[in-house]
Amino acid sequence: MSFFPSQLRISSSLLRRRTAPMAAAAAAKRPFTSCEGSRPTIVHKRSLDILHDPWFNKGTAFSMTERDRLDLRGLLPPNVMSSEQQIERFMVDLKRLQVNARDGPSDTHALAKWRILNRLHDRNETMYYQVLVDNIEEYAPIVYTPTVGLVCQNYSGLFRRPRGMYFSAADRGEMMSMVYNWPADQVDMIVVTDGSRILGLGDLGVQGIGIAIGKLDLYVAAAGINPQRVLPVMIDVGTNNEKLLKDSLYLGLQEHRLDGEEYLSVIDEFMEAVFTRWPNVIVQFEDFQSKWAFKLLQRYRHNYRMFNDDVQGTAGVAIAGLLGAVRAQGRPMIDFPKQKIVVAGAGSAGIGVLNAARKTMSRMLGNNEAAFESARSQFWVVDAMGLITENRMNVDPDALPFARKEKEIGRQGLSEGSSLAEVVKKVKPDVLLGLSAVGGLFSKEVLEALKDSTSTRPAIFAMSNPTKNAECTPEEAFSILGDHIIFASGSPFNDVVLGDGGIGHSNQGNNMYLFPGIGLGTLLSGARIISDGMLQAAAECLAAYMKEEEIQKGIIYPSISSIRDITKEVAAAVVREAVAEDLAEGYRDMDARELQRLSQEETVAYVKNNMWNPVYPTLVYRNE
Ligand SMILES: NC(=O)C1=CN([C@@H]2O[C@H](COP(=O)(O)OP(=O)(O)OC[C@H]3O[C@@H](n4cnc5c(N)ncnc54)[C@H](O)[C@@H]3O)[C@@H](O)[C@H]2O)C=CC1
Ligand SMILES: CC(=O)C(=O)O
Ligand SMILES: [Mg+2]
């Protein structure tokens with residue numbers, strides 16, 4: 001099945017948008033698995049051991065009866081706090097930092113917030129996630145992009161308590177037993193990186209584990225995956241970052257990266273080990289350099305429950321945004337195949353987006369070979385060496401399908417290696433999309449050239465992360481191109497106040513709108529693999545989520561404050577597609593046949609009821 005649905009399916013889901021009433025659970029034929037937060041939790045420890053365990057610790061919120069039950073009386077100040085009071089106290093501390101920091105959202109300021117939040121995570125996970133869920137808009141930029149980039153760059157210095165697992169080249173032959181060192185018998189979600197391309201910051205070696213941790217924080221906050229069942233993983237096969245190789249305080253292997261068969265054998269061993277211990281786990285590959293991203297995806301996707309977020313998650317988010325941009329021009333989505341799109345960056349993310357966009361156009365044009373071939377001519381791809389054409393020596397095989405024919409581009413006055421500014425000047429594209437990792441690539445010259453766009457409302461996607469790597473800022477885009485544009489960036493920027501006092505919307509086009517729902521939907525369907533159709537359903541759901549009035553205002557992605565809601569909808573769409581493709585094997589007491597019987601509303605309710613909420617459970621002690 002190819003990546004994106006026909007226009008008909010998009011339209012019908014647009015009609016269904018946000019129609020799933022929560023009353024559906026009550027109307028459902030059978031009770032769904034209830035929220036785990038309400039069940040008592042059996043613990044096998046007491047006293048200080050409980051206070052020092054972030055999974056169970058409630059700090060001052062332990063009730064007096066619980067303090068008696070768990071031998072905690074006298075180990076805490078006597079005033080029992082509600083979780084709201086606890087958070088209020090914590091926030092006073094966190095906000096004081098904000099008041100005192102005179103330098104605005106500087107790096108040191110953001111890092112200080114990350115430290116405070118991380119320390120909370122280390123002593124009380126429930127409260128940490130409560131703070132995150134309730135203030136996701138404020139703290140996603142701290143636990144995720146952009147601050148997570150800074151955290152990864154400084155991880156060797158910031159490291160205090162271990163979080164997640166490290167599999168290194170030195171562990172070859174040991175991984176099958178090592179996985180049993182992880183304390184949880186059930187793991188639902190693993191995010192794994194080899195640290196070779198962290199955001200747009202390059203090879204950060206073992207320090208890249210920060211990105212796996214940040215992504216899993218969003219799995220918990222947005223998708224309600226139980227934090228006791230997530231596992232961040234770093235596969236340390238060395239680093240080619242010369243600075244880290246020479247740094248005596250660096251925490252990873254100080255040797256050059258393994259390559260070729262040796263590298264593959266390490267990743268193979270890791271996959272075999274984790275799927276042996278946790279056969280139903282889902283593995284998200286994150287921030288692997290392009291060289292391996294596609295190869296590993298092809299190697300594993302038909303046998304394991306895995307996906308590559310940079311290739312597949314980014315593609316879905318970009319497609320949803322591109323369709324939003326078409327609607328924002330006042331045109332029907334079926335006009336998407338007429339859009340001229342210039343893409344800067346032909347790495348794992350850029351090529352992932354290009355393949356998905358081409359397939360989407362092709363489906364809209366009739367879904368045959370001629371349509372697929374014709375869709376190709378809507379794209380111009382520029383990488384570090386300029387416009388990619390068939391004359392490029394040693395063109396990357398993944399980029400080859402998008403290499404322009406000299407004959408075609410000769411007519412436009414372009415040639416192999418033409419600069420981005422030249423390409424934009426000559427093509428006059430509807431969309432300029434950056435996944436280059438080069439901050440400021442959309443220079444004044446490039447944006448000036450876009451003024452001649454044939455679109456009534458050109459779209460600029462400056463998708464590279466973190467903030468400093470964005471191809472341009474919204475201020476630059478709106479000030480040069482005027483008010484009637486669409487702007488999206490990978491990391492968050494503030495909206496821009498326009499000359500007439502209106503708002504120039506700065507959308508965050510980030511795969512965070514899809515990966516949590518893809519993971520949750522896969523988990524709750526029990527799908528054996530993650531198919532193109534499931535990814536396509538996720539992207540379609542995101543595209544359909546935006547209301548017409550929002551789109552007309554230039555808002556093409558939801559606010560991050562609604563990420564839990566959008567994730568629930570995306571997960572339900574993924575579940576339904578898995579069922580439709582006969583891939584779903586069920587989850588816990590919801591078997592495949594029962595899943596099949598659920599209506600759309602019931603599927604949404606099923607997803608919602610299986611999302612973990614950060615609420616203190618009642619703790620009951622039992623001897624082991
Ligand atoms: N917003 C989002 O959700 C996502 C954003 N990204 C961002 O995309 C960026 C790229 O990621 P990957 O594709 O994995 O990296 P990559 O390193 O595989 O690819 C980078 C590409 O940019 C090209 N490039 C370098 N300099 C250029 C220049 N001056 N002009 C045009 N192209 C140039 C390179 O030739 C290469 O093709 C990163 O900054 C990453 O943070 C990645 C995934 C998701
Ligand atoms: C967002 C993301 O996955 C990246 O920048 O790599
Ligand atoms: Mg990534």
Side-chain angles (χ1 to χ4, degrees), residues 140-141 144-146 148-149 152 191-204 208 210-212 214-215 218 284-294 297 307-321 342-356 380-388 392 394-396 398-399 402-403 417-424 432-443 446 461-472 488-493 507-516 539 542 557:
Y144 187 54
T145 186
V148 72
C152 289
V191 175
V192 60
T193 185
D194 69 354
S196 55
R197 191 285 279 152
I198 297 299
L199 304 175
L201 303 169
D203 182 347
L204 295 183
I211 196 71
K215 292 268 175 185
L218 289 194
Q284 171 171 323
F285 277 60
E286 193 66 47
D287 289 6
F288 283 70
Q289 57 184 321
S290 297
K291 175 179 162 183
W292 287 113
F294 292 105
L297 183 59
F307 70 106
N308 182 299
D309 181 38
D310 299 291
V311 177
Q312 297 167 299
T314 313
V317 164
I319 294 296
V342 170
V343 175
S348 66
I351 295 293
V353 170
L354 282 158
N355 282 328
W380 289 259
V381 186
V382 177
D383 72 358
M385 290 188 282
L387 180 64
I388 302 180
R392 171 77 60 96
N394 301 323
V395 62
D396 182 340
D398 296 311
F402 297 96
S418 288
S419 73
L420 180 61
E422 280 177 293
V423 173
V424 173
L432 175 59
L433 190 149
L435 282 161
S436 65
V438 180
L441 181 67
F442 297 168
S443 61
V446 170
F461 290 79
M463 292 182 78
S464 292
N465 297 312
T467 313
K468 287 188 180 100
N469 295 62
E471 283 79 4
C472 69
S489 54
S491 296
F493 280 95
N507 295 279
Q508 191 174 359
N510 190 293
N511 50 29
M512 69 185 180
Y513 284 115
L514 286 189
F515 72 76
L542 179 61
Y557 292 112

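The basis for the numbers below is simple: all heavy atoms, side chains too, and nothing from hydrogens, waters or symmetry mates. Atoms within each ligand, like the ligands themselves, are counted from 1 in listed order.
The atom of Asp287 nearest to the Mg ion (ligand 3) is OD1, with the search restricted to N, O or S atoms. Per residue Asp310, closest N, O or S atom to the Mg ion (ligand 3): atom name OD1. Restricting Glu286 to its N, O or S atoms, the one at the least distance from the Mg ion (ligand 3) is OE2.
Using a 4.0 Å heavy-atom cutoff, Val317 is absent from the residues neighbouring ligand 1.
The shortest N/O to N/O separation between Ala384 and ligand 1 falls below 3.5 Å. Residue Gly490 has no N or O atom closer than 3.5 Å to an N or O atom of ligand 1. Polar contact check, Asn511 against ligand 2: a nitrogen or oxygen pair lies under 3.5 Å apart. Polar contact with ligand 1: present for Asn511 (N/O pair, distance under 3.5 Å). At under 3.5 Å, a nitrogen or oxygen of Asp310, whether backbone or side chain, sits near a nitrogen or oxygen of ligand 2.
Atom CG of residue Asn308 and atom CD of residue Glu286 lie 7.0 Å apart, to the nearest 0.5 angstrom.
Contact annotation: for Leu441 versus ligand 1, heavy atoms closer than 4.0 Å belong to the side chain alone. Heavy atoms of Leu435 found under 4.0 angstrom from ligand 1 belong to the backbone as well as the side chain. At a heavy-atom distance under 4.0 Å, only side-chain atoms of Arg197, from C-beta outward, approach ligand 1. Only the side chain of Thr314 comes within 4.0 Å of ligand 1, counting heavy atoms alone; its backbone N, CA, C and O stay farther away.
Residue contact check: Ala437 has heavy atoms under 4.0 Å from atoms 9 (C), 38 (C), 39 (O) of ligand 1. Near Ala349, meaning under 4.0 Å from one of its heavy atoms, ligand 1 places the atoms 12 (P), 13 (O), 14 (O), 42 (C), 43 (C).
Nearest protein heavy-atom contact of atom 5 (O) of ligand 2 is Asn465 ND2, 2.8 Å.
Using a 4.5 Å heavy-atom cutoff, the side chains of Val342 and Leu420 are in contact.
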